[in-house]
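Report on the following structure.
The sequence lines fix the lettering, A, B, ..., with proteins before strands; numbering per chain opens at 1. All of these numbers come straight from a predicted model, not from anything done at the bench.
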Protein chains: 2
Amino acid sequence: MLKIQDVARHAGVSAATVSRVLNGRATVNPELAARVHAAVRELGYRPNGVARNLRRRQTTLWAVLVSDVGNPFFTSLVRGVEDGGRQLGYSVVLCNTDENRAREAEYIAVALADNVAGVIISPADDSTDISALVAAGTAVVTIDRELAETEVDAVLVDNEKGAEMATAHLLESGYRRIACITGPRRMSTAMQRLRGYQRALRAFGLPQDRSLVRHADFREEGGYSAMAALLDEGVEMDAVFAANNLMTVGAVECLTEREVAIPASVGVIGFDDIPWARLFRPGLSTVRQPTYELGRAAARLLADRIDNPARPATRMVLQTELHPRESSRLRLG
Amino acid sequence: MLKIQDVARHAGVSAATVSRVLNGRATVNPELAARVHAAVRELGYRPNGVARNLRRRQTTLWAVLVSDVGNPFFTSLVRGVEDGGRQLGYSVVLCNTDENRAREAEYIAVALADNVAGVIISPADDSTDISALVAAGTAVVTIDRELAETEVDAVLVDNEKGAEMATAHLLESGYRRIACITGPRRMSTAMQRLRGYQRALRAFGLPQDRSLVRHADFREEGGYSAMAALLDEGVEMDAVFAANNLMTVGAVECLTEREVAIPASVGVIGFDDIPWARLFRPGLSTVRQPTYELGRAAARLLADRIDNPARPATRMVLQTELHPRESSRLRLG
DNA sequence: ATGAAAGCGCTAACAT
DNA sequence: ATGTTAGCGCTTTCAT
């Protein structure tokens with residue numbers, strides 16, 4: 001491997017000058033700079049990023065910890081982060097925690113050891129411990145989910161409002177007995193979406209019925225089982241609001257399997273879009289989250305935090321959008 | 001930041017001993033080792049991975065270059081790589097090239113600068129240049145797509161066989177005028193799938209009709225436009241085989257929009273599965289690729305190549321699976 | 001089995 | 001504006 005000294009010798013300048021030219025951090029005689037560039041080209045020199053990172057005591061790497069890369073929500077989000085980071089000169093390491101706290105902790109350790117410049121994390125749950133990162137002075141942005149006790153930058157979606165919109169939409173379509181399949185109690189998003197659902201019912205003057213509310217695991221199987229339980233228990237119901245995309249799919253599968261007509265017998269709306277939802281049978285009504293933008297925003301925030309470690313924590317809240325399709329269209333009369 | 005010297009001082013041993021204990025690379029007096037571990041715990045010491053990488057002249061990082069993270073095919077593949085890598089102690093950097101050769105080249109440069117241990121790449125096209133990686137001695141595995149001139153490990157799918165299966169399935173269902181929407185000529189996968197389609201027609205004793213074959217870009221829009229062109233040109237056709245998942249979706253959208261009945265008027269089958277394809281209207285018939293396993297295999301191959309740089313290049317070919325659903329079910333009579 | 005010392009390749013003080 | 005020098009934190013000879 002060629003080193004900067006080799007280039008310096010070849011160009012007849014000092015290593016410091018080569019470094020200055022390559023990093024553009026100081027003014028260098030154009031003639032010398034040209035010689036350096038020539039030497040670099042002739043020798044085929046490539047800077048060693050690892051050595052640079054050691055010396056500078058920071059890398060140009062971001063770690064993104066998401067709980068499920070298989071979920072299109074996170075895919076799109078990661079893409080936003082990656083595009084944003086790339087523009088600012090960062091590379092993005094994708095870490096898939098699988099909603100598993102041990103794996104999450106492991107990745108945090110790796111991020112620390114590798115001196116990543118920043119971490120964007122969608123915490124596995126409420127109790128995710130990012131104190132080591134904070135203690136080490138690593139820039140952190142939480143995304144999608146909120147952390148209980150920690151003062152860090154956060155990029156969120158207005159979950160309560162989105163869930164309220166979804167539920168209100170079902171109400172306005174004529175549904176009255178609306179079930180809610182939400183996520184685990186320890187997840188901020190699950191609770192906020194539940195609250196939005198409840199708020200819509202209240203605003204409509206309808207009673208809260210506990211038997212209509214189910215907590216599942218944000219996975220397809222969870223949505224399926226919750227839906228199955230609602231049906232098996234014979235809970236009176238004419239629509240369902242599922243609090244994320246995967247559970248919506250699960251619920252729809254269950255309904256389809258049992259030949260419950262959507263939207264005639266049971267209306268369906270889901271939080272968070274699903275790719276090609278319009279091609280489903282029936283087309284799925286959803287509340288779309290600005291997933292890509294969430295990632296972009298997190299990237300901006302992280303870069304800013306890296307440049308400016310002292311500034312107070314920011315909390316960005318993005319809005320959702322209602323996408324009514326066939327699954328929530330009650331045929332009245 | 002604490003360094004190994006601090007731990008050494010605290011434990012009353014040399015830095016070399018601390019390193020030996022931490023890396024388990026040499027036998028150390030158990031009593032000393034215990035003191036080291038205690039010191040590490042008491043001080044909250046974390047090794048600096050960057051310094052280690054510089055000294056060892058290699059990292060524990062893999063770069064995965066895929067052309068579209070938004071495509072579920074690659075998502076699943078990346079997941080396989082990541083799981084495989086993690087088990088072997090590697091972290092995975094995800095790089096999204098967007099089918100863009102400039103971005104791809106950029107990422108290759110970054111991979112080189114950061115001294116990644118290995119690269120798994122799904123080349124943007126035939127002419128992707130990985131010679132710099134090979135020259136630098138970086139372990140490389142190509143995945144999904146084949147590279148023209150280069151002798152590197154490859155993990156592939158039996159595209160020709162899969163496409164043949166898909167086409168034969170349409171033929172057996174009673175379709176006779178089958179269109180083929182495949183990818184760009186410069187991509188090995190596109191050409192192999194086209195050949196499979198042709199082979200099936202030949203085996204069935206049917207003529208090749210050039211007007212039935214279209215080259216698109218492997219994206220949703222491409223599938224849509226190709227389908228639209230086929231319809232607009234009035235090409236006589238009763239089924240279509242689309243050579244990847246996104247184009248299948250595009251083609252279906254076009255047919256749906258124009259109210260062409262699937263599968264009655266035009267049967268559809270796609271190469272590569274789509275998540276929740278069974279929930280589509282109609283359920284999409286597909287040829288499933290073992291995406292996750294592709295990633296796992298690539299991980300194994302890469303790790304092996306890193307440990308054993310001299311061994312000859314391997315070519316792994318995985319098989320596909322036919323998943324017939326409603327979109328290819330011709331109602332005869 | 002342990003310690004001392006050199007050096008991975010780069011950049012940032014400092015000196016000129 | 002340029003060169004000299006030290007050192008980032010670790011591992012690995014080499015000597016003991």
Side-chain angles (χ1 to χ4, degrees), chain A residues 1-37 39-40 43-61 89 109-110 112-117 136-138, chain B residues 1-37 39-40 43-61 89 109-110 112-117 136-138:
Chain A
M1 161 162 262
L2 245 37
K3 42 170 99 175
I4 210 170
Q5 297 287 358
D6 301 319
V7 178
R9 205 170 307 120
H10 193 90
V13 298
S14 72
T17 296
V18 176
S19 171
R20 288 193 264 259
V21 171
L22 261 34
N23 295 298
R25 291 198 187 231
T27 34
V28 173
N29 183 329
E31 200 257 323
L32 285 194
R35 260 160 52 202
V36 169
H37 282 125
V40 166
L43 298 173
Y45 165 75
R46 290 178 177 288
N48 181 326
V50 179
R52 165 182 296 168
N53 291 338
L54 176 59
R55 177 61 234 225
R56 288 199 184 151
R57 292 152 128 198
Q58 63 152 301
T59 62
T60 177
L61 217 58
V110 172
L112 238 24
D114 282 353
N115 254 312
V116 300
T138 306
Chain B
M1 161 163 261
L2 245 37
K3 42 171 99 175
I4 211 170
Q5 296 288 357
D6 301 317
V7 178
R9 206 169 307 120
H10 193 90
V13 297
S14 73
T17 298
V18 176
S19 172
R20 288 193 264 258
V21 171
L22 261 35
N23 295 298
R25 290 200 188 231
T27 35
V28 173
N29 183 329
E31 199 257 324
L32 284 195
R35 258 157 57 199
V36 169
H37 282 124
V40 166
L43 298 174
Y45 167 75
R46 291 178 175 288
N48 181 327
V50 178
R52 165 181 298 167
N53 292 339
L54 175 59
R55 178 60 235 232
R56 288 199 184 150
R57 292 151 132 202
Q58 63 152 304
T59 63
T60 177
L61 217 57
V110 172
L112 238 24
D114 282 353
N115 254 311
V116 300
T138 305

What does the list of N/O pairs under 3.5 Å between the protein and nucleotides 12-16 of chain C look like, with a distance for each?
unit_1, atom_1, unit_2, atom_2, d
C:dA12, O4', A:R55, NH2, 3.2

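Following rounding to the nearest Å, A:L2 (CG) and C:dG9 (P) show an atom-to-atom distance of 10 Å. Counting to the nearest Å, the P atom of C:dC10 and the CZ atom of A:R52 are 8 Å from each other. Protein atom CZ of A:R57 is 11 Å distant from nucleotide atom P of D:dC10, rounded to whole Å.
Mapped onto DNA chain D by nearest heavy atom, B:I4 and A:L32 fall at different nucleotides, with A:L32 at the one closer to the 5' end. Nearest-nucleotide positions on DNA chain C for A:N23 and B:T27 put B:T27 closer to the 5' end.
Residue A:R52 holds its CZ atom at 8.0 Å from CD1 of A:I4, rounded to the nearest 0.5 Å. One distance of note links OH of A:Y45 with CG of A:L2; it measures 8.0 Å at 0.5 Å rounding. For the atom pair CD of A:Q5 and OG of A:S14, the computed distance is 8.5 Å after rounding to the nearest 0.5 Å.
The phosphate of D:dC8 has OP1 or OP2 within less than 4.0 Å of a side-chain N or O from B:K3.
Residue-level contact check: B:V50 touches neither bases nor backbone, having no heavy atom under 4.0 Å from any strand. Using a 4.0 Å heavy-atom criterion, one finds that B:N53 contacts no nucleic acid atom at all.
Over its full length, the helix from C:dA1-D:dT16 to C:dT16-D:dA1 turns its helical axis through 40°, comparing axes from the five pairs at each end and rounding to 10°.
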